[in-house]
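Values in this document were obtained by computation on a predicted structure and should not be read as measured data. When a ligand or atom number is given, it counts from 1 through the structure's own listing order.
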Amino acid sequence: MSQNGKRTWAEPFKIKMVELLKVTTPEERRKAMSDAGYNTFLLRSEDVYIDLLTDSGTNAMSDNQWAGMMLGDEAYAGSRNFYNLEANIRKFYGYRHIIPTHQGRGAEHLISKILIKPGDTVPGNMYFTTTRLHQELAGGSFVDVIIDEAHDSEFIHPFKGNVDLAKLAAVIERVGADKIPYISVAATVNMAGGQPISMENLRAVRTLCKTHGIRVILDATRAIENAYYIQLREPGYANVSIADILKEMCSYTDGATMSGKKDLMVNIGGFLALNEDDVYDEARNLVVVYEGLDTYGGLAGRDMEAMARGIEEAVQESHIRARIGQVDYVGEKLIALGIPIVQPIGGHAVFLDAAKFLPHLKQDQFPAQTLAAELYLESGIRSMERGIVSAGRNKLTGDHYYPKLELVRLTFPRRVYTQAHCDVLVEAVQETFERRAEIKGLKMVYEPKYLRFFQARFEPLG
Ligand SMILES: *Cc1c(COP(=O)(O)O)cnc(C)c1O
């Protein structure tokens, strides 16, 4: 009802095949959580009832995508499916050259290696874990240039993913344009709570960078969801199609890294898209070393076909409206219950504000990690931490990064769960909220060197 003044966000599909879920007892969940070191990434999926860990690769493919899987051309070189994928990326995203990769980080690895020299700076609208790590491994330093409002979980702003142009100009002034190979712009900023960037801001970033000869590289992972917010909120776009908005967004950038596991509803796959011939030539050469030949990039032909078909489905207005409508439905219910969440509600997830949910825990007692564990113990629902554990350590000082946001992400796979599942989720969060005062924190007892949130282990305090 709320969305666009249209009637409902009801799913534009019906269910043809189902996967049975296991309901566990509190006893079983206590054991599973303890075995998993209080890290939801270490749970076995069969011990999970509703899995909101991520929307990455967990989406339900359509019958059309599955049919495409049967048409996989598994030739080593020049697979028909590669050309289908290339054609659809050109058609819907508008880039000239494309290189498939096994997933998004494969593309991030290539672009970082090609464009970043040691000592370079890469500004971006808030970091993303794998993106920043590849920039750092290539010898670069990431600098956050997102608007300040993005760090305030309850500040209402239609485009909280926007780049702060003054911050960007200051970075260019400070380090010099020749030390900035590109600005990394994310569409619907994951770490800020799935917040979009406006077309106006993207255009302004483009203009500023152009005068300094700096490239703009888009993290297009959820650009289609971003396009939806532009249509919904930005003056002048209400009657422009999602497909046209997407293409306009891409037109202000020189290339994109893409995790097809999100917007494009495949279980695996990604790509690097580029406009510059010489950068493409180098990427085409490097992909052979790290992913596979440039006409498969670590993917089976069938996976490329599923992704090619996913692009067409992902830009359908009815799809995107239902997808974001479902997330909104949960978010609105939690707000009505007085539960602290990031606002505005993001595109792919509802983010619980763990700092406000568990105000008695200090940040180094891992409030978000704790809350994710407690929600699982309460209900068998799996979520994930986006706070101090995800932020990692400063490579120079060795201390934790202390991000302003301490969040638990309830991420919605596309086309997977029903409205009744959403209601169960809301009840479980409410029950956890009611006993929040009794919840104690965690201590970290094992810490991996890279991307520690995936494999770190914890023990309860007290
Ligand atoms: C998931 C994601 C990536 C990395 O993609 P993978 O397919 O997981 O390697 C990059 N950027 C954003 C915003 C993402 O959400």
Should Asp51 and Arg382 count as an ion pair when the cut-off is N to O under 4.0 Å? yes
Does Glu154 come within less than 4.0 Å of Lys356, counting only side-chain N to carboxylate O? yes
Checking heavy atoms under 4.0 Å, the part of Arg105 that sits near ligand 1 is both
Only heavy atoms of [X], strictly under 4.0 Å: list the atoms of ligand 1 that pass.
X      : result
Lys261 : 7 (O)
Asp219 : 10 (C), 11 (N), 12 (C), 13 (C)
Lys262 : 1 (C), 2 (C), 3 (C), 5 (O), 14 (C), 15 (O)
Asn190 : 15 (O)

Regarding Asn190 and Arg386, is there a side-chain donor-to-acceptor distance under 3.5 Å anywhere? no
Side chains of Glu149 and His157: is there a donor and an acceptor less than 3.5 Å apart? no
Residue pairs passing the side chain to side chain donor-acceptor pair (under 3.5 Å) test with at least one member in residues 113-122, sequence neighbours excluded, are Lys113-Tyr290
When you measure from [atom] to every protein heavy atom, which one gives the shortest distance, and what is it?
atom                   : answer
atom 3 (C) of ligand 1 : Phe128 CE2, 3.4 Å
atom 6 (P) of ligand 1 : Gln103 NE2, 3.3 Å
atom 7 (O) of ligand 1 : Ser259 OG, 2.6 Å

Would you please name every residue forming a side chain to side chain donor-acceptor pair (under 3.5 Å) with Tyr401, sequence neighbours left out? none
Is Arg222 near ligand 1, meaning one of its heavy atoms is under 4.0 Å from it? yes
Can a non-hydrogen atom of Glu108 be found less than 4.0 Å from any atom of ligand 1? yes
For atom 4 (C) of ligand 1, state which one of Thr131, Thr130, Asp263 supplies the nearest heavy atom. Thr130
Per the salt bridge (charged side-chain N to carboxylate O under 4.0 Å, His left out) rule, which among Lys262, Arg414, Lys261 passes with Asp55? Arg414
Please indicate whether any nitrogen or oxygen in Gly104 is less than 3.5 Å from any nitrogen or oxygen in ligand 1. yes
Once the angle between the rings of Tyr93 and Tyr95 is folded into 0 to 90°, is it parallel (under 30°), tilted (30 to 60°) or perpendicular (over 60°)? parallel
